[in-house]
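Inspection log for the structure reproduced underneath, given as structure tokens.
Side chains are part of it too, since the values below use all heavy atoms of this structure and drop only hydrogens, waters and symmetry mates. All values derive from a computational prediction rather than experimental measurement. Numbering of ligands and ligand atoms starts at 1, following listing order.
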Amino acid sequence: MGRKVELAKVRNIGIMAHIDAGKTTVSERILYYTGRSHKMGEVHDGAATMDWMVQEQERGITITSAATTCMWKDHMISIIDTPGHVDFTMEVERALRVLDGAIALFCAVGGVQPQSETVWHQSERYEVPKIAFVNKMDRIGADFFGVVDGITNQLGANCVPVVIPIGASDDFKGVIHLITMKALIFNEDDKGAEWDTVEIPADLIDTAKQWRNNLVEKCAEQDEEMMEKFFAEGDLSEDEIWAILRKATCARDVVPAFCGSAFKNKGVQQLLDGVIKILPAPNEIPPIICTKNPENQRKVDDNEVFSALAFKIMSDKHMGKLTYIRLYSGTIESGATIWNSTQQKKQRIGRLLRMHSNRQEAIEKAVAGDIVAVAGLSDTKTGDTLCTREDEIHLEAMEFPAPVISISIKPETMSDNEKLGEALHRLADEDPTFTVAFDQETSETIISGMGELHLEIIVDRLRREFGVVAEVGRPEVAYRETATIATEGSYKHSKQSGGRGQYGHVVMDLEPRNPGEGFEFINKVVGGRIPSEYIPSCEKGVIQALEAGPFAGYPVVDMKVTLKDGSYHEVDTSDFAFQIAARQGFKELFMKGHPELLEPVMSIEVTTPDEFMGAVNGTICQRRGRIDSMDERGGMKIVRGHVPLSEMFGYSNTIRSLTQGRASFTMHFEHYEAVPFSIAEEVVKKRRTDGKVR
Ligand SMILES: Nc1nc2c(ncn2[C@@H]2O[C@H](COP(=O)(O)OP(=O)(O)OP(=O)(O)O)[C@@H](O)[C@H]2O)c(=O)[nH]1
Ligand SMILES: [Mg+2]
């Protein structure tokens, strides 16, 4: 069986933006216009196909990215709708890792918002070509050219409008297509499915000509031959413009911009035309390269050896564990045995499914470029490479941010306790930014994640999907500890208690490293003063000590440990004895190194009406925060600053009641910073009385 759609006509794209910009609404319109769905689901009615989780429908936000596939003018488009909330950026990250192109959405009023910047930079890291869509042109204060300016100046992109709006706010009627130089007026009665193509209104002719000129000039700049033609004839043909836009977008030299209003059903079909005409097909991206052997490269082609990346895990009520994979080369069929090169394990493909949000369509075979879900890959984790055992390849994995906030959970009954372990395991399997730890001493389960909302959703899913009712502790910041000065010294672990004794002796240097540099262990022992087989034991002992630091029981970060010397005993020395010596030695030296506590600091942006600006600034200062800048956008004031996360719990309620719900804020993790001494002292004291430091 050959492929249904030739590779040149396949598009794998993602939609990314700040929260609430309209990603899901645009996706719903795409499903409707491509005939994939016969109704338009609205996010605020909890009826969007792509927002299928109960938690998404109740809150009107996207939490997990959803994939679907549709046909537009002979092209097969796979779309991933991503969440905009910062707690779920991991979902954007993994989508961008496997997509060939993206639609960067912007709100016509909000412009380039904080999360628009974050996802933009994420997509740049993965070198994803983009087109921009300025949505919500029907809103009061909509300003297409202002947003284009923002994309150009704030994001440093070469943003080129391909359409311009006709009217704005209540008067937004349609768009002028700068390639055809026609006006498209959307028909309100048939949900924008049809539009009238008419001459450009007289009052917009000059503006249209100006922007057409801009488009042609920007295209000509990309190609010498076209530049000559442009100088000679003053214009380029439709086909020439599309061809250059495509080439330059794939090379990430331009970002073509479209606009419309998804909610009012305007401009989405032109965006879809843009997707198929401008964004790359899977075989137009560079070949994939093995991280362990760069000579091993494969083109996206059915005839190459099979390789794929597992980028998302989901547990489905009926199907069990589903693994989303992106095929880069070759083909696979259900029932086949493949090789997980990351885990070095054989895996059997159960059923192969094409996903339509949470619904599945069984397929027999998947081909290069496909994004499909697979049942039966029991040992496969997010980021693993799948290939053949004979021709192993390793694809670049994904980076997961470390969790910054934790809560303790306690099940209400014994039977809940049993279910809890299994449920948490399944949830952690799905979500690499969610971690679970069990504190033996206090018998507490601690779950950690990216923010309050992230953990709230997890607790809600525990209750609804797994039937576990749990009591939840107060959220706590994920502090870390480090030393501030270098120390050196030795530790001898020696026990003689009848039978065989224990003996291990280490001499070490401890040195703080720069923030973010992590842990390093260096062995400088010479002359077999510690036998080489016990060096790994020493490293292991130190790593154990790092997990729960001696200062406040939090993870120790950014330290260099040099093992310099030591001694052993012919009979009593053991792996275990050296582990203890290194662990205890590290703890003692660390405490002499003037340890300090580090806390996550968030960058925050509050959008508020002018009259509340003073009060908003007050809330930031009261929270040990600092204000970096104050601006204006779309008639609202924008306050930007930095605040420690530990001061931000419950901030949404504060800001809501203070401004009668008219201000809103977003924040995201910026870096770790030392906690002021007096506050650190309190935290450490409490950790000690709670028995968390050992
Ligand atoms: N006025 C107007 N409202 C829109 C438009 N597009 C979306 N909305 C509304 O904006 C709200 C958010 O839309 P969503 O589509 O959920 O936005 P999103 O980007 O998917 O949001 P997250 O997934 O939570 O990040 C909903 O109430 C939509 O009805 C538009 O073009 N105009
Ligand atoms: Mg959404």
Side-chain angles (χ1 to χ4, degrees), residues 14-33 37 40-53 55-68 79-93 95 102-120 122 132-144 147 163 165 167-175 186 188 191-192 258-271 357-358 450-451 453-454 456-457 634 664 666 668:
I15 307 194
M16 57 175 207
H18 189 80
I19 191 162
D20 262 2
K23 298 173 288 297
T24 304
T25 309
V26 168
S27 310
E28 293 299 316
R29 296 318 185 256
I30 292 179
L31 295 184
Y32 181 79
Y33 296 130
S37 143
M40 272 182 188
E42 298 296 354
V43 173
H44 45 251
D45 298 334
T49 316
M50 299 298 268
D51 281 352
W52 58 271
M53 280 170 71
Q55 288 83 358
E56 295 181 316
Q57 292 167 355
E58 283 175 359
R59 289 160 209 252
I61 59 165
T62 305
I63 292 167
T64 185
S65 52
T68 192
I79 306 172
I80 298 186
D81 173 30
T82 66
H85 194 284
V86 58
D87 283 12
F88 310 111
T89 34
M90 169 60 211
E91 289 287 298
V92 186
E93 183 88 15
I103 300 173
L105 219 72
F106 296 88
C107 166
V109 183
V112 178
Q113 293 168 288
Q115 199 60 10
S116 341
E117 280 188 51
T118 310
V119 294
W120 188 274
Q122 274 175 303
F133 184 70
V134 179
N135 188 34
K136 302 202 181 185
M137 280 306 301
D138 60 300
R139 278 188 58 194
I140 297 174
D143 175 9
F144 174 69
V147 181
V163 305
S169 316
D170 285 347
D171 292 330
F172 178 62
K173 294 192 178 65
V175 296
F186 288 86
E188 308 245 335
K191 298 190 174 167
F258 295 78
C259 72
S261 160
F263 186 54
K264 295 285 169 72
N265 314 316
K266 296 185 172 96
V268 176
Q269 295 95 330
Q270 286 64 42
L271 173 67
S357 185
N358 63 332
M450 302 308 295
L453 180 63
H454 187 197
E456 198 180 308
I457 300 290
S664 63
T666 55
H668 67 258

Proximal ligand 1 atoms for [X], defined as those under 4.0 Å from one of its heavy atoms:
X      : value
Thr24  : 15 (O), 18 (P), 20 (O), 23 (O)
Ser261 : 30 (C), 31 (O), 32 (N)
Thr25  : 6 (N), 7 (C), 13 (O), 14 (P), 15 (O), 28 (C)
Ile19  : 24 (O), 25 (O)
Ile61  : 24 (O)
Val43  : 14 (P), 15 (O), 16 (O)

Fill in: Sequence-distant partners of Glu58, side chain to side chain contact (heavy atoms under 4.5 Å, CB included), two or more places apart
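Partners of Glu58 by the side chain to side chain contact (heavy atoms under 4.5 Å, CB included) criterion, ordered by chain and then number, come out as Val54, Arg464.
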Main-chain N/O of [Y] paired to [X] side chain as donor or acceptor, under 3.5 Å:
X      : Y      : result
Glu28  : Met50  : yes
Gln115 : Ala17  : no
Asn135 : Ala262 : yes
Ser357 : Thr49  : yes
Gln270 : Phe258 : no
Glu91  : Ser65  : yes
Asp81  : Ser27  : no
Lys23  : His18  : yes

Discussion item. Does the residue Ala262 have a heavy-atom contact with ligand 1, meaning some pair of atoms that are separated by less than 4.0 Å?
Written reply: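 Distance cut 4.0 Å: Ala262 passes for ligand 1.
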Worksheet item: So is Glu42 close enough to ligand 1, meaning a heavy atom under 4.0 angstrom away?
Response: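 Per 4.0 Å heavy-atom rule, Glu42 does not contact ligand 1.
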How far is [atom] from its nearest protein heavy atom, and which residue and atom is that?
atom                    : answer
atom 21 (O) of ligand 1 : Asp20 N, 3.0 Å
atom 30 (C) of ligand 1 : Phe263 CB, 3.2 Å
atom 26 (C) of ligand 1 : His44 ND1, 3.8 Å
atom 6 (N) of ligand 1  : Asn135 ND2, 3.2 Å
atom 18 (P) of ligand 1 : Lys23 N, 3.4 Å
atom 23 (O) of ligand 1 : Thr62 OG1, 2.7 Å
atom 32 (N) of ligand 1 : Asp138 OD1, 2.7 Å
atom 17 (O) of ligand 1 : Gly22 N, 3.1 Å

Practice prompt. Kindly confirm whether the Mg ion (ligand 2) is within less than 2.8 Å of some N/O/S atom in Met50?
Written response: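 Short answer: no, not a single N, O or S atom is under the cut-off.
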Item to complete: May I ask you to check whether Thr24 brings an N, O or S atom to under 2.8 Å from the Mg ion (ligand 2)?
Response: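 True for Thr24.
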Worksheet item: Which word best sums up how the rings of His454 and Phe88 line up, parallel for under 30°, tilted for 30 to 60°, or perpendicular for over 60°?
Response: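 It falls in the perpendicular class, over 60°.
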State, yes or no, whether a side-chain contact exists between [X] and [Y] at a heavy-atom distance under 4.5 Å.
X      : Y      : value
His668 : Glu117 : no
Thr68  : Ile30  : no
Ile79  : Ile15  : yes

Item to complete: Pick, from Met16, Met137, Lys136, the option with the minimum heavy-atom distance to atom 9 (C) of ligand 1.
Response: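 Closest candidate by heavy-atom distance is Lys136.
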Discussion item. Would Gly260 count as a polar contact of ligand 1, with the cut-off being nitrogen or oxygen pairs under 3.5 Å?
Written reply: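 In this structure, Gly260 places no N or O atom under 3.5 Å from an N or O of ligand 1.
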Worksheet item: Can you check whether Asp81 has an N/O within less than 3.5 Å of an N/O in ligand 1?
Response: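 N/O-N/O distance below 3.5 Å does not exist for this pair.
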